[in-house]
Amino acid sequence: MAKVPRNFRLLEELEKGEKGIGDGSCSYGLEDGDDIMMSNWNGTIIGPGHTVHENRIYSLKITCGPNYPNSPPQVQFLSRVNLPFVSQMDGKVDPSKIAVLSSWSSNSSIEYLLVEIRKEMASFNNRKLPQPPEGSMF
């Protein structure tokens with residue numbers, strides 16, 4: 001299979017993100033529309049229902065480096081959240097502690113990343129973890 005150039009791939013993801021994905025529980029787009037390298041993205045996750053995250057809106061910063069999609073993006077929560085794979089110092093997601101990043105492949109995408117993080121928030125181990133006050137930021 002031919003390797004799609006990084007910017008073509010990111011343009012495709014941008015178009016998909018602008019249309020909205022699935023049920024609207026996750027969204028993403030470029031932080032700055034003038035970012036020709038398409039490196040800096042914003043993501044939003046609406047907390048899954050029937051969990052401590054329900055009705056909360058979480059903001060994330062996603063950075064796609066020069067080797068994306070062959071290398072995973074860097075992910076950082078801007079909204080305070082208590083999850084085992086998120087640093088309580090700065091909100092950075094530890095790639096070794098979440099499967100979507102530790103087993104990243106070039107077929108993975110920003111959409112897939114956000115959906116998987118949301119699934120992880122709803123998992124048995126994380127759904128009832130005490131959370132910081134709603135609206136607090138890193």
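Both backbone and side-chain heavy atoms feed into the values below; hydrogens, waters and symmetry mates do not.
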Checklist entry - Going from CD on Glu12 to CZ on Arg9, what distance comes out if it is rounded to the nearest 0.5 angstrom? => result 7.0 Å

Checklist entry - Counting heavy atoms not belonging to Met89, are there more than 12 under 6.0 Å from its CE? => result no

Checklist entry - So, for Cys26 and Arg118, which heavy atoms are closest and what is the spacing to 0.1 Å? => result SG-CD, 3.8 Å

Checklist entry - Would you call Phe85 and Asn126 a side-chain contact if the rule is heavy atoms closer than 4.5 Å? => result yes

Checklist outcome for this item: Shortest non-hydrogen pair, Asn7 vs Met38, comes out as O-CE, 3.3 Å

Checklist entry - Could you go step by step and tell me if Phe138 and Gln76 meet the side-chain contact (heavy atoms from CB on, under 4.5 Å) rule? => result CA-CA 9 Å; Phe138 280 106; Gln76 180 177 12; 5.5 Å; no

Checklist entry - Hey, are the side chains of Met37 and Arg6 touching, using non-hydrogen atoms and a 4.5 Å cut-off? => result yes

Item to check | Nearest non-hydrogen partners of Ser27 and Leu114, listed with the distance | outcome: O-CD1, 3.4 Å

Item to check | CA sep, side-chain torsions, deciding dist, call: Trp41, Leu10, side-chain contact (heavy atoms from CB on, under 4.5 Å) | outcome: CA-CA 10 Å; Trp41 297 70; Leu10 286 168; 3.8 Å; yes

Checklist entry - Is the side chain of Arg80 donor-acceptor paired with the backbone N or O of Pro133 at a distance under 3.5 Å, no angle test? => result no

Next on the checklist: Could you report the tightest heavy-atom contact between Arg127 and Gly49, atom names first, then the distance?
Outcome noted: NH2-O, 4.4 Å

Checklist entry - Are His53 and Leu83 close enough that some pair of their side-chain heavy atoms sits under 4.5 Å apart? => result yes

Checklist outcome for this item: Rounded to the nearest 0.5 Å, the NZ atom of Lys97 sits from the CD atom of Glu120 at a distance of 12.5 Å

Item to check | Rounded distance (nearest 0.5 Å) linking atom CD1 of Ile45 with atom CD1 of Ile117 | outcome: 5.0 Å

Checklist entry - Quick one: which of Tyr28, Tyr68, Tyr112 gives a side-chain hydrogen bond (donor to acceptor under 3.5 Å, both in side chains) with Glu13? => result Tyr68

Item to check | Ile110 CD1 to Leu60 CG distance, which is reported to the nearest 0.5 Å | outcome: 11.5 Å

Checklist entry - Could you go step by step and tell me if Glu116 and Lys119 meet the side-chain contact (heavy atoms from CB on, under 4.5 Å) rule? => result CA-CA 5 Å; Glu116 289 301 305; Lys119 281 184 191 170; 3.1 Å; yes

Checklist entry - If Ile, Leu, Val, Met, Phe, Trp and Tyr residues are connected whenever their side-chain heavy atoms lie under 4.5 Å apart, and connections chain through other members, are Leu78 and Ile62 in the same group? => result no

Item to check | Straight-line distance of Ile46 CD1 to Ile57 CD1, nearest 0.5 Å | outcome: 5.5 Å

Next on the checklist: Is it the case that the side chain of Trp104 and the backbone of Pro73 share a donor-acceptor pair, with hydrogens and angles ignored and the cut-off at 3.5 Å?
Outcome noted: no

Checklist entry - Looking at Asp94, Leu129, Asn125, which one forms a side chain to side chain contact (heavy atoms under 4.5 Å, CB included) with Pro84? => result Leu129

Checklist outcome for this item: Scanning both residues in full, the closest heavy-atom pair of Leu14 with Gly29 reads CD1-CA, 4.5 Å

Next on the checklist: Closer than 3.5 angstrom, by distance alone: can the side chain of Gln74 be matched with the main-chain N or O of Val93 as a donor-acceptor pair?
Outcome noted: no

Next on the checklist: Using 0.5 Å steps for rounding, measure from the CG atom of Asn42 to the CG atom of Asp32.
Outcome noted: 10.0 Å

Item to check | Donor-acceptor under 3.5 Å (Ser79 side chain, Ser59 main chain) | outcome: yes

